[in-house]
2 protein chains.
Amino acid sequence: MSIATVSRALNTPEMVSPATVERVRQAVDELGYRPNLFAKGLLTRRSRVIGVSLPDIHGLFFSELMRSADDRACELGYHLLVSSNAHRADETPTGGFALDLADGLIVMLTERSRVDLEAIAALNLPTVVVGVDRPGLAVDTISFDNVTGAMSAVAHLLEGTPPDRCYFVGGHVGNIDSDERSAAFSEALRRDGHEPAPDQVAHGEYHFDWGWAWATEMLRQGRLRGAAVLGGNDEIAIGIANAARDHGLSIPEELRVIGFDDSSMCDCVRPKLSSVRIPVNDLGAEAVNAIIRRFEQPDSSPRHSRLATTLVRRDSSRVGPAG
Amino acid sequence: MSIATVSRALNTPEMVSPATVERVRQAVDELGYRPNLFAKGLLTRRSRVIGVSLPDIHGLFFSELMRSADDRACELGYHLLVSSNAHRADETPTGGFALDLADGLIVMLTERSRVDLEAIAALNLPTVVVGVDRPGLAVDTISFDNVTGAMSAVAHLLEGTPPDRCYFVGGHVGNIDSDERSAAFSEALRRDGHEPAPDQVAHGEYHFDWGWAWATEMLRQGRLRGAAVLGGNDEIAIGIANAARDHGLSIPEELRVIGFDDSSMCDCVRPKLSSVRIPVNDLGAEAVNAIIRRFEQPDSSPRHSRLATTLVRRDSSRVGPAG
DNA sequence: GTGGTTCGTGTAAACGGTTTCATCTGGTAT
DNA sequence: ATACCAGATGAAACCGTTTACACGAACCAC
């Protein structure tokens, strides 16, 4: 029996007589034969591997994204080759990534400065960019609608707090989401007829400590009681809430807080944290779907989808008595 | 110039005249040449890819593990091919994983039942198992010392609480870590001269809700006040603390709580959660180190290393006044 | 019986590199 | 001038698979 027949028996059994297929299967089991994926890939130019480049692998957000992507990839018979690109500032966004092994690339970007999308497009590898929406670009993008989410959060804050007592405490300037949320916050106040003062918007880092530090300073100045804050993410919001509690402010009666991301922590802190939900699960799965679609229709025009975000109301932003 | 010369110029420049190397480099830049990794792998049998199989990609613990592994791998010029194996109960622990592409495998196991280590060893791919210590086995293992950590946690609980009022609330039976921690808890009480009653050890799930449910039931029975609890992980501990707080118990005065894992949440809940620290960072990095060592010395006898855990004391288990 | 069709199988040419071995060059010792 | 050697390069084999093509056998219709 020739090598060719074996190859056909394994890949296209319908081209081979049933008896031969059976003989091959038996031999494979017996010998523990496993096809060499390099030889296969060399010829077929397919590895069923999808490269994933994230700013950072750590944290609930990215971790959930990875899981949903992995689940979807697994369903479709693909595997994920991951790398974080945050610490590799000197390299391409694909991370010096020797991942020419991958059939396609999912790149998540969170920093404006590192957005070297042209370089990515130049790889002419099927690519999906997650986290950035730039309709003009020649690659598929999937992002989520920070604006709507932030606006409904502000609307909720305004239900019980005057516009000049609302604050946004975000991540650092240059972070795409933080910037979008910050802009949406200001815009929402403007639509309410209030031009936000400069100190109503603050920028720091996506971390508890920053929220804590900001709130502590505000407390020192006696400006936090009766305010309402939208955190750039849940960690910041929790940091703020903790500082307030540590100084005897009760939430939501004396300070109302909303976070962003709706991570699993929201339900576990007390009071439970209201937050803007991002459909992270859909994000990961959709990214994989988009890559696969591009495998199948390489020349279709790039799609730019934007996933909706929704406000989840919990205790930390409640107006009036508990319910 | 022949293909062979180009190959040498790129891989072993010292074998080629400097002028030629320069010419090649220039041509590479100009043409955007990128070596085909499949062809390369076919011949060299090396891909610089390490497969990582985790029970679940999600959660702070795994996410931190992944990051430290990725960081270390990146330093050494390797990449990570990940897959979770939890949902693939029907397949091999390597996950049907078409990752014959990988040079080696890091497999993390948390469930006793899924420990089909023989099957992994049969792949005769360099392998490191994380999370299980079974000295007899023919593969390297890296695990962490649940016993010491749990024992020092119990010792701390006993500083202010009688042994019959100490509880362990773990994950489900069959989870390796939970079982080890549970056994260590009981053993620690015994060494203190107290045979633990059956209800001093409970098993559920690694989730807030389980901790909350357990504590709520205990409260209903009026048995939680004055107790001290070691949670199987931080989530469970936080769930317990939340339930206690929701029912007006103050922590640590009326209930002392310690978690396990020392995740980033410990510092963000109030009161701050004492917890047994697991050196997750070392775990990931060491796993990669171990794999690389095995690449270099394929026939060295298997190593079994066990990383120390340490109790981090915070407010939730404090005895006496705040400090 | 001949020619065409179909089906199953074998042959051999890729795929894109690495590596062994041979060749060529120029310099140096004798 | 000859022999020798080292360093730089080229020719060709090889890695394990897929696949285009050729081939032979069995079947059918005329």
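Every chain is numbered from 1, with letters handed out A, B, ... down the list of sequences.
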Visitor: Only pairs at least two apart or in different chains count here, so list each salt bridge (Lys or Arg N to Asp or Glu O under 4.0 Å) that has a residue in residues 41-51 of chain A.
Guide: Arg46(A)-Asp103(A)

Visitor: Sequence neighbours excluded, which residues qualify as ring pair (Phe, Tyr, Trp, His ring centres under 6.0 Å) partners of Tyr206(A)?
Guide: none

Visitor: Please identify each residue that fulfils side-chain hydrogen bond (donor to acceptor under 3.5 Å, both in side chains) with Asn146(B), with sequence neighbours left out.
Guide: Asp177(B), Glu180(B), Arg181(B)

Visitor: Are side-chain heavy atoms of Asn289(B) and Glu286(B) found at a separation under 4.5 Å?
Guide: yes

Visitor: May I ask you to say what Ser17(A) touches in the nucleic acid, namely base, sugar-phosphate or nothing, with a heavy-atom cut-off under 4.0 Å?
Guide: sugar-phosphate

Visitor: Check ring pair (Phe, Tyr, Trp, His ring centres under 6.0 Å) between Phe62(A) and all other residues, then give those that pass, not counting sequence neighbours.
Guide: none

Visitor: Glu22(A): what forms a salt bridge (charged side-chain N to carboxylate O under 4.0 Å, His left out) with it, not counting sequence neighbours?
Guide: none

Visitor: Quick check on the helix from dG1(C)-dC30(D) to dT30(C)-dA1(D): what's the angle between its two end axes, five base pairs per end, to the nearest 10°?
Guide: 50°

Visitor: Could you tell me which non-hydrogen atom of Leu105(B) sits nearest to which non-hydrogen atom of Ile291(B), and how far apart they are?
Guide: O-CD1, 3.4 Å

Visitor: Side chains of Ile292(A) and Arg72(A): does their closest heavy-atom pair fall under 4.5 Å?
Guide: no

Visitor: I'd like to check the side chain to side chain contact (heavy atoms under 4.5 Å, CB included) partners of Ser263(B); sequence neighbours left out, ordered by chain and number.
Guide: Leu60(B), Asp234(B), Met265(B), Cys266(B)

Visitor: Between residues 3-12 of chain B and DNA chain D, which residues have a heavy-atom gap below 4.0 Å?
Guide: Ala4(B), Thr5(B), Arg8(B)

Visitor: Using the heavy-atom set of chain B and a strict 4.0 Å cut-off, write down the first and last nucleotide of DNA chain C that makes it in, 5' to 3'.
Guide: dG16(C) to dT20(C)

Visitor: Does a side-chain heavy-atom distance below 4.5 Å link Leu54(B) with Val82(B)?
Guide: no

Visitor: Could you go over nucleotides 14-16 of chain D and give all protein N or O partners under 3.5 Å, atom names and distances?
Guide:
unit_1	atom_1	unit_2	atom_2	d
dC15(D)	O3'	Arg45(B)	NH2	3.0

Visitor: Partners of Arg277(B) by salt bridge (charged side-chain N to carboxylate O under 4.0 Å, His left out), sequence neighbours excluded?
Guide: none

Visitor: Using side-chain hydrogen bond (donor to acceptor under 3.5 Å, both in side chains) as the criterion, list what pairs up with Thr5(A), not counting sequence neighbours.
Guide: Ser2(A)

